[in-house]
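Please read the structure below before turning to the comments.
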Amino acid sequence: MPSTSLPATPPVLPISEHEDEIVAAVEANPVVVVIGETGSGKSTQLSQILHRRGYTRRGTIAITQPRRVAAVSVSRRVAQELGVSIGEEVGYAIRFEDRTSEKTLIKYLTDGVLLRESLSNPELKQYSVIILDEAHERSLNTDILLGLMKRLIKDRASDLKVLITSATLDGLKVSKFFSGCPVLNIPGTIFPVEKFYSTDRPTNYIESSLRTAIDIHVKEVPGDVLIFMTGKDDIDKMVSKLEERIQNLEEGSCMDALVLPLHGSLPPEQQVRVFAPAPPECRRFIVATNVAETSLTVDGVVFVIDCGYVKQRQYNPSTGMYSLDVVQISRVQADQRAGRAGRTRPGKCYRLYPSSIYQKEFLEATIPEIQRTSLAGSVLYLKSLNLPDIDILMFDFLDPPSRESLEDALRQLYLIDAIDENGQITDVGRLMAELPLDPSLSRTLIEANELGCLSQALTVAAVLSAEITLRQTRSKEIERKRKRRELPDGSGWGDHIQLLQIFESWDQADYDPKWCSDHDLQARGMKFSKDVRNQLSQIIQKIAKGPTDLQARRGRKSDPDYRKLRKALCVGYGNQLAERMLHHNGYHTVGYRTQLVQVHPSSVLEGDEYGKLPVYVVYHELINTTRPFMRNVCAVEQAWVKPILKKLEKLNIKKLRYGGHVFKPMIVQVARCTSYTNNLEYFITAVVQLHQQILNLWVTSK
DNA sequence: GAGCACTGC
């Protein structure tokens, strides 16, 4: 490691007063939990403190962030405070962009990037300190990292320090997870926010928000208003109604007003409007989704209106289906929303629910992502790490996902050849884990490489992982239809093929952003899929067999029916297969559970001359809205389906969990226990887990 | 013939 010669000029932040306390705790313990409220400076200062105290002498300090923008902006800030340029002593690494060098001592990175690094370098030797920042957000990746860190500190007890930092995280719970490590509290610099509750839950929260907003506008001092809604539809409704009501107010009775929507699917140029300073003598109303809760910070907000709901996507492992539900927020979320009013001066938060509901009905914290999502990708990742104790269901999670969810993941991975019937990762599975994709798409790529249609499959995988959506301009419905007709239609084979054709057309237009807008496509999504495709090409060149032809324009004419590509998709989506009913166009899923589903109306797939849809299709996902739908489907042939049916017959969850040698994992675990008997708590935990394992085995084998 | 919150490798 190069020697350190950074100037040290810490700004005065609450955390600075706790410097000695922090350093003492880190010195004496492998893991320390730091609870720092908003404005405590933990994200920018912790790394600098440890750097000053010599922790960069034998390695780099890594600080993970759940979001890319945060990794970039915080690292820039730190570089500025230390008077160095980014990429030198201070750098960041996010997908598609690595701004670090051999000189880098403080490295900000997304949690996903750190997980990828740990794949090729499980001990993460280059780091002397790993800080998991914003752990309270409980992103899927952070949760997996928490489990990995618990292991890592045992293997690197002498030379690794781990800090878990968060705003409101239940410190005791994490401390318990890490064998009772110390918890430090750092106060923040947020201003007080007064909270007002409704006496009842409103029957119509749009109307209720409207009245509150007008009330503020007429009676309150200047200051912007942030209104939390659940989705785009509600926001649009709210914006137009609010504008109307403000217009109807008596002339000169109050100041000017500007109403702005804010949500993720807004084009960037419209999102930016929110960050422009307000015109003088004008109150802004920002009607936003959850983006304004953590991802985007709007300056000037003094009033918050909180409807108490959020739209949440959840996965049901017993049906394999996603649903998007409006659910009550948690107390942590409610407080986070309220905190948005106190960033520049004391504020007010209007909660459109009674305090009894906040106290009794709201969950303490939001259900962590790991319990709301399909785990196939994460389980494959963990399997690829070759952890010594083999049963993935015993992985030490802070909040374990359900057994059902983990078993669902094992079944899915088995059906696409990532693990064998004994639950062991296969060679195919190892390759899949290298690719930053959903397991189905990575399996498709590997099969495509065998079949000689890699270039097309790369495009499909890239476009699908960018999830481009055809932009919706409801007011210009007719025009939209006209434009969409000019786009390729998948040649009757479905949405995957259409997406491929769209990307190829864009490629032929030399990736012109204007081509996207002309065809009513989101340029942002298309650009992202192009970046993903490049990244995938680079990775696959290292692992592909034989010569690879990766140009997007190639490979079109040789296979007019896209047979190779569709076959590769059939193998990759072997866990997501559906068969049409005999007499109508409904489908049932083919797998270890059967669901009645339909092709989503947005699909390009159309019936034959008799109006019949293909007998077999694979689908990208099941989403339960008004009914269960398959989104993004591709027609496949019966002959390709047979191997999947065969695998289904052999599927045995007991074997997937415990493998052929059921006692091997236990023996390994006992061996591990005995080598850690100096840590009594770990020993007890391991024995309890072993006991549990034997019990499970006994129960399931009966 | 329906309608999608937010992240990330």
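Below, chain A is the first sequence line, B the second, and so on; all start at residue 1.
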What is the separation between atom [atom1] on [X] and atom [atom2] on [N], rounded to the nearest whole Å?
X: A/L431; N: B/dC9; atom1: CG; atom2: P; answer: 22 Å
X: A/I329; N: B/dA5; atom1: CD1; atom2: P; answer: 17 Å
X: A/D233; N: B/dA5; atom1: CG; atom2: P; answer: 7 Å
X: A/Y315; N: B/dT7; atom1: OH; atom2: C1'; answer: 19 Å
X: A/H584; N: B/dG1; atom1: NE2; atom2: P; answer: 14 Å
X: A/N290; N: B/dA5; atom1: CG; atom2: P; answer: 11 Å
X: A/Y108; N: B/dG8; atom1: OH; atom2: C1'; answer: 20 Å
X: A/Q314; N: B/dC6; atom1: CD; atom2: P; answer: 16 Å

> When you match A/F629 and A/L262 each to their closest nucleotide on DNA chain B, which lands nearer the 5' end?
Replying inline: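 Taking each residue's closest nucleotide, the earlier one in sequence belongs to A/F629.
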Exercise. If each of A/P436 and A/H263 is mapped to the nucleotide of DNA chain B with the nearest heavy atom, which maps nearer the 5' terminus, i.e. the 5' end?
Worked result: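 With A/P436 and A/H263 compared, the 5'-side residue is A/H263.
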- For A/R343, enumerate each residue passing the side-chain hydrogen bond (donor to acceptor under 3.5 Å, both in side chains) test, keeping only those at least two apart in sequence or located in another chain.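 Per chain and number, A/R343 pairs via side-chain hydrogen bond (donor to acceptor under 3.5 Å, both in side chains) with no residue.
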- request: Find the distance between CD (A/E123) and OG (A/S118) and round it off to the nearest 0.5 Å.
  value: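 One finds 10.5 Å between CD of A/E123 and OG of A/S118.
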Taking all non-hydrogen atoms of both residues, which atom of A/P436 and which atom of A/R116 are closest, and how far apart?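 Shortest heavy-atom contact: CA-NH2, 3.8 Å.
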Taking any heavy-atom pair under 4.0 Å as a contact, classify [X]: base, sugar-phosphate, or nothing.
X: A/S139; result: nothing
X: A/L115; result: nothing
X: A/V310; result: nothing

Heavy atoms from C-beta onward define the side chain here; which of [options] lies closest to that of [X]?
X: A/T110; options: B/dC9, B/dG1, B/dC6; answer: B/dC9
X: A/R627; options: B/dA2, B/dA5, B/dC9; answer: B/dA2
X: A/R67; options: B/dC6, B/dC9, B/dG8; answer: B/dG8
X: A/P601; options: B/dA2, B/dA5, B/dC9; answer: B/dA2
X: A/I94; options: B/dA5, B/dC9, B/dT7; answer: B/dC9
X: A/R68; options: B/dA2, B/dC6, B/dG8; answer: B/dG8

If you compare every side-chain N and O of A/T289 against the phosphate oxygens of B/dC6 (OP1, OP2), does one of them come in below 4.0 Å?
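Yes, within the criterion.
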Quiz item: Can you tell which of A/Y315, A/Y619, A/F629 makes a ring pair (Phe, Tyr, Trp, His ring centres under 6.0 Å) with A/Y322?
Solution: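 Of the listed residues A/Y315, A/Y619, A/F629, the ring pair (Phe, Tyr, Trp, His ring centres under 6.0 Å) partner of A/Y322 is A/Y315.
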- side-chain contact (heavy atoms from CB on, under 4.5 Å) partners of A/T64, counting only residues at least two apart: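 A/L109, A/D111, A/L114, A/L132, A/L145.
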